[in-house]
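A short write-up of the structure that comes next.
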Amino acid sequence: MTLRLYDTATRAVREFVPVTPGQVGIYHCGLTVQGPPHLGHIRKEVTFDVLRRWFEFRGYCVTLVANITDIDDKVLAKETEQDEPWWSIAYANERALHAAYAALGCLAPTYEPRATGHIPEMVELMAQLIERGHAYPADDGSGDVYFDVRSWPDYGALSHQRLDDMEPATDAAARGKRDPRDFALWKGHKEGEPVTASWPTPWGRGRPGWHLECSAMVGKYLGDEFDIHGGGLDLRFPHHENELAQSTAAGRPFARYWMHNAMLNLDGEKMSKSVGSPLLVSEVVKRFRPIDVRYYLVAPHYRSVIEFTEAALQEAATAFQRIEGYVVRATEVTAGVDPATGEPDPDFTAAMDDDLAVPAALAALQGSVREGNKLLVDGDSPALAANLAGVRRMLGLLGLDPLDPGWQDSGPDRSAEVVDGLVTALLDQRHDARARRDFAAADAIRDRLREAGVEVEDTPQGPRWTVAG
RNA sequence: GGUGGAGUGGCCGAGAGGCGAGGCAACGGACUGCAAAUCCGUCUACGAGGGUUCAAAUCCCUUCUCCACCUCCA
């Protein structure tokens, strides 16, 4: 049984063959930490989290690297906007990103390098490119360094575009570029920009262009040739195209497979274009349980666009709760099983091997749940325990095992409301008992409440209660 | 202008020439004191128009609508 993955570069599903047998190196573009993450960002995270879990299930030793781009134009723009140092803004958003990972059950990457921590590696890469004739410092003395796209015949290979068909950048003319499509490896420090956002290079002080950091960091941590490079489909061009060009032009074979997840749209367009991006992860998890949100993001194929609607998310939650209901009931009956001993359904495994066909895998899972529910009628049995372990194993591979400790206490805690409702119900009964002068019954209710830790006092405005203690 | 992707039943969402994924909802039945949950069953499909084929959601042509990217993007 082999694992097949869709490779954006060749536009085909290809059998996965690792650079090093038994190991897989995955790099996916984390985030430019210019704002807190929304549901679209976290969809990418969840996609690669599932990929990673599947590789581990398949016996691979996974090295997962996701970058943090903590310096770029947008981060600097926020400094002015928010009147706060750029590095403080970047760090705050990085922590928000980590909180979102944790909330939605994404395992931590093996490493998460920051762009600002890898300036020497970038300078080294630029020097290689200049030496090989694929990059040049701008003639205008700005300190910018550009990649020379005309010097690299393969430019456009990833996105299958011809250089001459591309729309030229509108800002190119004034910036000392040899060709309008040349992209900045490095941006010279400009008057008015914070000095903290500049680093020395042989070509003057400046800061990374957007693409250079990924090539530098992936090379450092995964090597010149590695297995999978991923990210959102919107990164394919220019970001990944440029990474590919600058890395290969420097003599590095680079990624063997390119994987891109589709966008999550809101009101018919990409979320990042929506004003204010209302679907911040931190907001959504106030209204929906994180595990339900994860199910919603995992359930469609990763290469299908998700049109976000509240109703669809609600429906996903209902669908997941059916699965969860079985897991909880079966666990009560069997006194628990170790999911690590569970066997996934063969259809589940086959689906996942086929470019992570989660929808088909979920169909297999639903079948197992149905079988389990039938077994549940007869109470505990070895068959039920085996089924439960299998279901939990499959759920775990999607990061959706509801009994995983990571999900405990996640989501809105409604217990205070529930306690209030229960106490009120009892106080109503006590009121009725007093109204019919059945003081023995009324006192019995008050005593039961006191035993449970609730003190009741009668006041002219009616009874009030407090949690004793 | 260039490069891709999508349009499937009330809804979500797979599939990519034959044997109609799956879920949610609805309806019928079983179970239940009543519910809930669960199980069994039923129903509704492939944007439009042509064509190829014994057979088309799937291939071809025409057409409509939508989305992404073309140097800010996950």
Side-chain angles (χ1 to χ4, degrees), chain A residues 8 11 28-32 34-35 37-48 66 69 72-75 77 97 146-147 149 156 158-172 175 177 179-184 209-211 230-242 260-265 267-273 277 295-296 299-309 311-323 325-326 328-330 347 351 354 357-367 369-377:
Chain A
T8 316
R11 294 176 182 164
H28 65 90
C29 287
L31 227 58
T32 299
Q34 45 120 350
H38 57 57
L39 229 41
H41 295 128
I42 211 70
R43 178 187 190 189
K44 189 260 312 178
E45 234 38 74
V46 165
T47 297
F48 286 93
T69 296
D72 87 326
D73 292 353
K74 281 199 155 183
V75 175
L97 180 63
Y146 294 110
F147 185 87
V149 294
L158 181 64
S159 54
H160 302 97
Q161 297 185 96
R162 292 178 53 244
L163 212 42
D164 293 320
D165 291 335
M166 293 179 192
E167 288 180 358
T170 49
D171 65 338
R175 294 174 55 194
K177 289 184 179 181
D179 185 284
R181 298 161 193 85
D182 288 353
F183 61 89
W210 173 32
H211 319 291
L233 190 55
D234 53 350
L235 294 187
R236 189 178 44 150
F237 191 93
H239 185 53
H240 288 162
E241 189 75 71
N242 292 354
H260 291 101
N261 61 279
M263 298 292 97
L264 188 148
N265 291 356
D267 296 329
E269 62 177 25
K270 202 169 72 167
M271 185 170 305
S272 54
K273 289 186 173 172
S277 286
Y295 180 86
Y296 174 67
H301 190 95
Y302 75 91
R303 288 193 281 117
S304 294
V305 174
I306 298 179
E307 281 295 340
F308 178 86
T309 64
L313 175 50
Q314 185 57 60
E315 186 188 289
T318 307
F320 179 71
Q321 283 161 23
R322 171 186 142 78
I323 297 170
Y326 164 68
V328 170
R329 278 176 282 117
D347 289 342
D354 182 16
V358 174
L362 280 176
L365 178 81
Q366 304 272 13
V369 169
R370 177 170 293 111
E371 286 309 307
N373 273 319
K374 284 191 223 174
L375 291 167
L376 201 49
V377 174

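Reminder, nothing fancy here: chain letters follow the sequence lines and each chain counts from 1.
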Under 4.0 Å, counting only non-hydrogen atoms across every strand here, what does [X] touch: a base, just sugar-phosphate, or nothing?
X        : answer
A:Gly30  : sugar-phosphate
A:Gly40  : base
A:Asp164 : nothing
A:Leu264 : base

Counterpart residues, ring pair (Phe, Tyr, Trp, His ring centres under 6.0 Å), relative to [X] (two or more places apart):
X        : result
A:His301 : none
A:Tyr296 : A:Phe308
A:His260 : A:His240
A:Phe237 : none

Return the pairing partner of [N] with a 3.5 Å limit on both distances, Watson-Crick or G-U wobble; otherwise return none.
N      : answer
B:rA74 : none
B:rA68 : B:rU3
B:rA55 : none
B:rC34 : none
B:rU42 : B:rA26
B:rG9  : none

Please give me the minimum heavy-atom distance between A:His160 and A:Glu241, naming the atom from each residue.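 So the minimum-distance heavy-atom pair works out to N-OE1, 4.4 Å.
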
Between [options], spot the one nearest the side chain of [X], thanks.
X        : options                : answer
A:Pro300 : B:rC69, B:rA14, B:rA25 : B:rA14
A:His211 : B:rU71, B:rG22, B:rG13 : B:rU71
A:Pro238 : B:rA25, B:rU71, B:rG23 : B:rU71
A:His41  : B:rA74, B:rA25, B:rC70 : B:rA74
A:Thr318 : B:rC70, B:rC24, B:rA74 : B:rC24
A:His301 : B:rC69, B:rA14, B:rG23 : B:rA14
A:Phe237 : B:rA21, B:rC70, B:rA25 : B:rC70

Any salt bridge linking A:Asp72 with A:Lys74? Criterion: basic side-chain nitrogen under 4.0 Å from a carboxylate oxygen.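 Judged by the 4.0 Å cut-off on N to carboxylate O distance, A:Asp72 and A:Lys74 do not form a salt bridge.
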
Take atom [atom1] of [X] and atom [atom2] of [N], then tell me their distance rounded to the nearest Å.
X        : N      : atom1 : atom2 : answer
A:Asp165 : B:rU71 : CG    : C1'   : 16 Å
A:Asn265 : B:rC12 : CG    : C1'   : 16 Å
A:Asp354 : B:rA21 : CG    : P     : 16 Å

Rounded to the nearest 0.5 Å, how far does CD1 of A:Ile323 lie from CG of A:Leu365?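 Going from CG on A:Leu365 over to CD1 on A:Ile323, the span is 5.0 Å.
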
Taking 4.0 Å as the cut-off, does a side-chain nitrogen or oxygen of [X] come that near to OP1 or OP2 on [N]?
X        : N      : answer
A:Lys270 : B:rC69 : yes
A:Ser304 : B:rG13 : no
A:Arg11  : B:rG4  : yes

Per-nt protein contacts along nucleotides 27-38 of chain B (heavy atom under 4.0 Å; B base, S backbone sugar-phosphate only, - none) come out as ----------SS

If the condition is side chain to side chain donor-acceptor pair (under 3.5 Å), which residues does A:Thr32 pass it with, not counting sequence neighbours?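 Partners of A:Thr32 by the side chain to side chain donor-acceptor pair (under 3.5 Å) criterion come out as none, since no residue qualifies.
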
Going by side chain to side chain donor-acceptor pair (under 3.5 Å), name the residues that satisfy it together with A:Asp73, two or more places apart in sequence or in a different chain.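 For A:Asp73, the residues satisfying side chain to side chain donor-acceptor pair (under 3.5 Å) (neighbours in sequence not counted) are A:Lys187, A:Arg207.
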
Please report the distance separating the [atom1] of [N] from the corresponding atom of [M], rounded so that it comes out in whole Å.
N      : M      : atom1 : answer
B:rU58 : B:rC46 : P     : 11 Å
B:rC40 : B:rG47 : P     : 31 Å
B:rG50 : B:rC66 : C1'   : 23 Å
B:rC24 : B:rC60 : C1'   : 37 Å
B:rG18 : B:rA56 : P     : 11 Å
B:rU44 : B:rC11 : C1'   : 12 Å
B:rU8  : B:rG49 : P     : 15 Å
B:rG9  : B:rC27 : C1'   : 15 Å

Test your reading of the model: is there a side-chain donor-acceptor pair from A:Lys44 to the backbone of A:Leu233, 3.5 Å cut-off?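 Not a single qualifying donor-acceptor pair exists.
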
Exam field: side chain A:Gln161 to backbone A:Gly156, donor-acceptor pair closer than 3.5 Å: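 Not at all, since once roles are kept as given, no pair shorter than 3.5 Å links the two residues.
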
Let's test your reading of the model: under 3.5 Å, does the base of B:rG2 pair with the side chain of A:Gln161 as donor and acceptor?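 Indeed, a donor on one side and an acceptor on the other fall under 3.5 Å apart.
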
Which atom pairs link the protein and nucleotides 9-11 of chain B when you take only N or O atoms and keep those under 3.5 Å?
| unit_1 | atom_1 | unit_2 | atom_2 | d |
| --- | --- | --- | --- | --- |
| B:rC11 | O2 | A:Glu315 | OE1 | 3.3 |

With sequence neighbours excluded, what pairs up with A:Asp234 under the salt bridge (Lys or Arg N to Asp or Glu O under 4.0 Å) test?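 Partners of A:Asp234 under the salt bridge (Lys or Arg N to Asp or Glu O under 4.0 Å) test: A:Lys270.
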
